[in-house]
Amino acid sequence: MALSSERQSTVAWKSGAAGEAVVSRVLDAVAAEHLAVLHDRRILGSRANIDHIVITRVGVWAVDAKRYRDKRPRLQVEGGLFRARTERLIVGGDRMKLVDGALRQVALVQEVVGPVPVRGAFCFVDADWPLFGGSFTTRGIDVCWPKKLAKQLAAVDGPVDVVGVAAAVARRFSSA
């Protein structure tokens, strides 16, 4: 058993904060007049936060940064023909609770922006991504690495008032 002066929760928080910083830098690099990024937003009545909220001309993204060093995110699909199809996010173990949390974040943001489409995404930092492919979607939540998400966000155009939606989101979700 390894001895450490830090509690496991502190070590996990530091690792997560490092992952959030990486995603922040990548998203800030693509921020522009047509793409706004809000970092570390507080969820009212909760100790939880939304790591990043990105507003584009096509819609809004609730982005959760995760740092799982050297673990490969993968989608495990079971069932289909004779029983119900189920999907599981696997990153060194079952991580469907993360997906449930991301879906709650998407719903909270959707309440604020009304008819504007909202998507969720996990950005896994330091994960063991394959050279080709690798990204996927489970239950409507995109799973990818930061540069892949930034490329998706920067390549879209649509009718959303980025400044107006960003202001509404910032009023509802204050900086943590």
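On a predicted model such as this, the values are computed, not experimentally measured, just so you know.
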Practice task
Flag yes if Leu108 and Val99 sit in one hydrophobic cluster, no otherwise; membership is Ile, Leu, Val, Met, Phe, Trp, Tyr, and two members link when side-chain heavy atoms are under 4.5 Å apart.
Solution key: yes

Completion exercise
For Leu149 and Cys123, the nearest pair of non-hydrogen atoms, with its separation, is CD2-SG, 3.5 Å

Practice task
Step by step, work out the side-chain contact (heavy atoms from CB on, under 4.5 Å) result for Phe173 and Leu38.
Solution key: CA-CA 9 Å; Phe173 301 101; Leu38 303 172; over 6 Å; no

Handout entry: Polar side-chain atom of Gln105 near backbone of Val63 as donor-acceptor pair, under 3.5 Å
Key = no

Exercise for the section: Compare all side-chain heavy atoms of Val54 with those of Leu35 and state whether any distance is below 4.5 angstrom. Expected result: yes

Exercise for the section: Treating Ile, Leu, Val, Met, Phe, Trp and Tyr as nodes and any side-chain heavy-atom pair under 4.5 angstrom as an edge, say whether Val163 and Ile55 lie in one connected cluster. Expected result: no

Practice task
Without swapping roles, check the side chain of Trp129 against the backbone of Phe124 for a donor-acceptor pair under 3.5 Å.
Solution key: yes

Practice task
List the steps, then state whether side-chain contact (heavy atoms from CB on, under 4.5 Å) holds for Ile141 with Val106.
Solution key: CA-CA 9 Å; Ile141 303 297; Val106 166; 4.2 Å; yes

Handout entry: Verdict with supporting geometry, Val77 and Arg85, side-chain contact (heavy atoms from CB on, under 4.5 Å)
Key = CA-CA 7 Å; Val77 179; Arg85 175 187 161 107; 3.5 Å; yes

Problem - Side-chain (Glu87) to main-chain (Glu78) donor-acceptor, under 3.5 angstrom - result: no

Handout entry: Expected output: side-chain Arg172 to main-chain Val112 donor-acceptor under 3.5 Å
Key = no

Problem - Connected via hydrophobic side-chain network under 4.5 Å: Val109 and Val162 - result: yes

Fill in the blank from the handout: Residue pairs meeting salt bridge (Lys or Arg N to Asp or Glu O under 4.0 Å), one or both in residues 42-63, sequence neighbours left out, come to Arg57-Asp157

Exercise for the section: Considering non-hydrogen atoms only, spot the tightest contact between Ala62 and Ile50 and give its length. Expected result: CB-CG2, 4.3 Å

Problem - Passing candidate, side chain to side chain contact (heavy atoms under 4.5 Å, CB included) with Arg88, options Arg95, Gln76, Arg74 - result: Gln76

Handout entry: Heavy-atom side-chain proximity of His39 to Glu20 below 4.5 angstrom
Key = no

Exercise for the section: Might you work through the side-chain contact (heavy atoms from CB on, under 4.5 Å) test for Val60 and Val165, ending with a clear yes or no? Expected result: CA-CA 9 Å; Val60 180; Val165 171; 3.7 Å; yes

Practice task
Determine the sole option in Val91, Leu98, Val23, Val125 for which the side chain to side chain contact (heavy atoms under 4.5 Å, CB included) test with Lys66 is passed.
Solution key: Leu98

Completion exercise
Ala121 and Trp61 have their tightest heavy-atom pair at CB-CE3, 4.1 Å

Problem - Arg72 side-chain N/O to Asp128 backbone N/O, donor-acceptor pair under 3.5 Å - result: yes

